[in-house]
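In this text, all values refer to a predicted model and were calculated from it rather than measured experimentally. Quick note on labels: first sequence line is chain A, next is B, and so on, each numbered from 1.
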Amino acid sequence: MRLATWNVNSVRARLSHVEQFVTEIQPDILCLQETKVTDNEFPVKAFRNLGYEHHVIAGQKSYNGVAIFSKLPFSTTDSKIWCGKDDKRHLAVTLENGVELHNFYVPAGGDIPDVTVNDKFAHKLEFMSEMTDWFAKRRADDNKLILVGDLNVAPLETDVWNHKQLLKVVSHTPIEVDHMARIYGSHDWIDAMRHFVPEPEPLFSWWSYRSPDWKAANKGRRLDHVWVTPALKPYLKSMNIHLEPRGWEKPSDHAPIAVDFDFSGLT
DNA sequence: ATGCCGTATGATATACGA
């Protein structure tokens with residue numbers, strides 16, 4: 001099973017890119033973030049034409065929004081409200097093999113990494129704390145969970161182009177890294193991307209629009225993630241960050257990530 | 001760290017991204 005996750009920065013503006021990516025990579029399940037569209041305006045038909053018979057979407061006007069498109073059926077679907085805001089940042093589905101998939105869009109957090117002056121940063125930390133509490137409460141050794149999405153934190157030193165220069169930049173501050181570490185600990189999550197590409201090799205999934213010549217400068221950050229619980233670790237087969245779509249005309253600032261699983265032995 | 005780009009909106013400037 002091939003699983004892909006991508007912050008598309010507007011699904012309508014990026015529809016042709018999504019169609020090209022899906023045609024080339026053929027994910028069985030595609031998780032999107034920042035769809036920026038209400039459910040009634042979502043181009044569902046385009047995804048049906050690509051072969052995705054099953055989907056869940058949770059969107060709103062202008063901001064945020066997540067979606068899961070799948071060739072495999074769901075046995076359950078869910079969308080949880082975080083921090084008391086129904087701002088469309090989460091979807092969950094269960095597959096028929098019992099695997100539970102969560103798609104998150106964690107708040108970006110604004111510019112200033114100080115909760116006393118920046119409510120967005122406070123929201124981001126609170127959101128991560130709620131994730132920790134929620135997964136800790138549901139913790140069980142045999143839970144088969146996958147967590148993907150734009151988590152808006154680059155936790156490791158080699159997840160950013162320059163660790164020292166980004167220590168005070170939102171996405172790589174110690175307090176965010178600490179909050180992310182607590183989510184990891186909530187369910188002994190395994191970082192599937194680093195499972196295949198260990199430190200210290202740099203690994204990025206996002207490059208700012210403002211930096212010209214993104215590929216040559218390569219001032220990236222790893223803001224997008226794929227995690228699995230220990231019960232699913234034996235089924236991990238490969239991982240790829242697809243850089244090509246970041247170079248297409250009028251791209252998303254995020255690159256899509258694909259992870260292959262072999263669930264044939266899963267009971 | 002700045003850069004000064006991109007998307008969306010009852011828009012022609014502003015919020016937001018990170």
By the 4.0 Å heavy-atom rule, please label A/Asp150 as base, sugar-phosphate, or nothing.
sugar-phosphate

Pair A/Tyr235, A/Asn97: side-chain N/O donor-acceptor within cut-off below 3.5 Å:
no

Just the rounded figure in Å: distance from P of B/dA18 to CG of A/Asp159.
16 Å

In whole angstrom, give me the gap between the C1' atoms of B/dC16 and B/dA11.
15 Å

Identify all side-chain donor-acceptor contacts of residues 40-58 of chain A below 3.5 Å with residues at least two apart in sequence or on another chain.
unit_1, atom_1, unit_2, atom_2, d
A/Asn40, OD1, A/Thr38, OG1, 2.8
A/Asn49, ND2, A/Lys45, O, 3.4
A/Tyr52, OH, A/Pro27, O, 2.7

When you check the side-chain N and O atoms of A/Thr132 and A/Arg182, is any donor under 3.5 Å from an acceptor?
no

Taking only residues two or more places apart in sequence or in another chain, which ones pass ring pair (Phe, Tyr, Trp, His ring centres under 6.0 Å) with A/Phe196?
none

Quick one: is B/dG17 close enough that its OP1 or OP2 comes under 4.0 Å of any side-chain N or O from A/Lys120?
yes

So, with a heavy-atom separation below 4.0 Å from DNA chain B, the residues of residues 205-221 of chain A are A/Trp206, A/Ser208, A/Tyr209, A/Arg210, A/Arg221

Checking one residue: A/Leu156. Which other hydrophobic residues are in its cluster under the side-chain 4.5 Å linking rule?
none

Along DNA chain B (nearest heavy atom to each residue), the more 5'-positioned of A/Lys168 and A/Tyr105
A/Lys168

Could I get the full list of ring pair (Phe, Tyr, Trp, His ring centres under 6.0 Å) partners for A/His90, not counting sequence neighbours?
A/Trp82, A/His102, A/Phe104

Once you apply a heavy-atom cut-off of 4.0 Å, does A/His254 come out as touching a base, just sugar-phosphate, or nothing?
sugar-phosphate

Considering every strand and a 4.0 Å limit on heavy-atom distances, what is the contact class for A/Asp111: base, sugar-phosphate, or nothing?
base

Nearest heavy atoms of A/Ser252 and A/Asn7, plus distance in Å:
OG-O, 2.6 Å

In whole angstrom, give me the gap between the P atoms of B/dG10 and B/dC5.
25 Å

Interface polar pairs with nucleotides 8-10 of chain B, N/O, under 3.5 angstrom:
unit_1, atom_1, unit_2, atom_2, d
B/dA8, OP1, A/Ser10, OG, 2.0
B/dG10, OP1, A/Lys61, NZ, 3.0

Between B/dT7 and B/dA18, how far is it from one C1' atom to the other, in whole Å?
15 Å

Rounded to the nearest Å, what distance is computed from the CZ atom of residue A/Arg14 to the P atom of nucleotide B/dG17?
16 Å

Take atom C1' in B/dC4 and the same atom in B/dT14, then report the distance between them in whole Å.
15 Å

Taking the P atom in each of B/dA8 and B/dG3, what is the distance between them to the nearest angstrom?
26 Å

Check the orientation of A/Phe127 and A/His123. Use parallel for under 30°, tilted for 30 to 60°, and perpendicular for over 60°.
perpendicular

Of A/Ala108 and A/Asn162, the one whose closest nucleotide on DNA chain B sits nearer the 5' end is A/Asn162

Just how far, in rounded Å, is P of B/dA18 from CG of A/Leu125?
15 Å

Got a sec: does the CD of A/Glu19 have more than 12 other heavy atoms crowding it under 6.0 Å?
yes

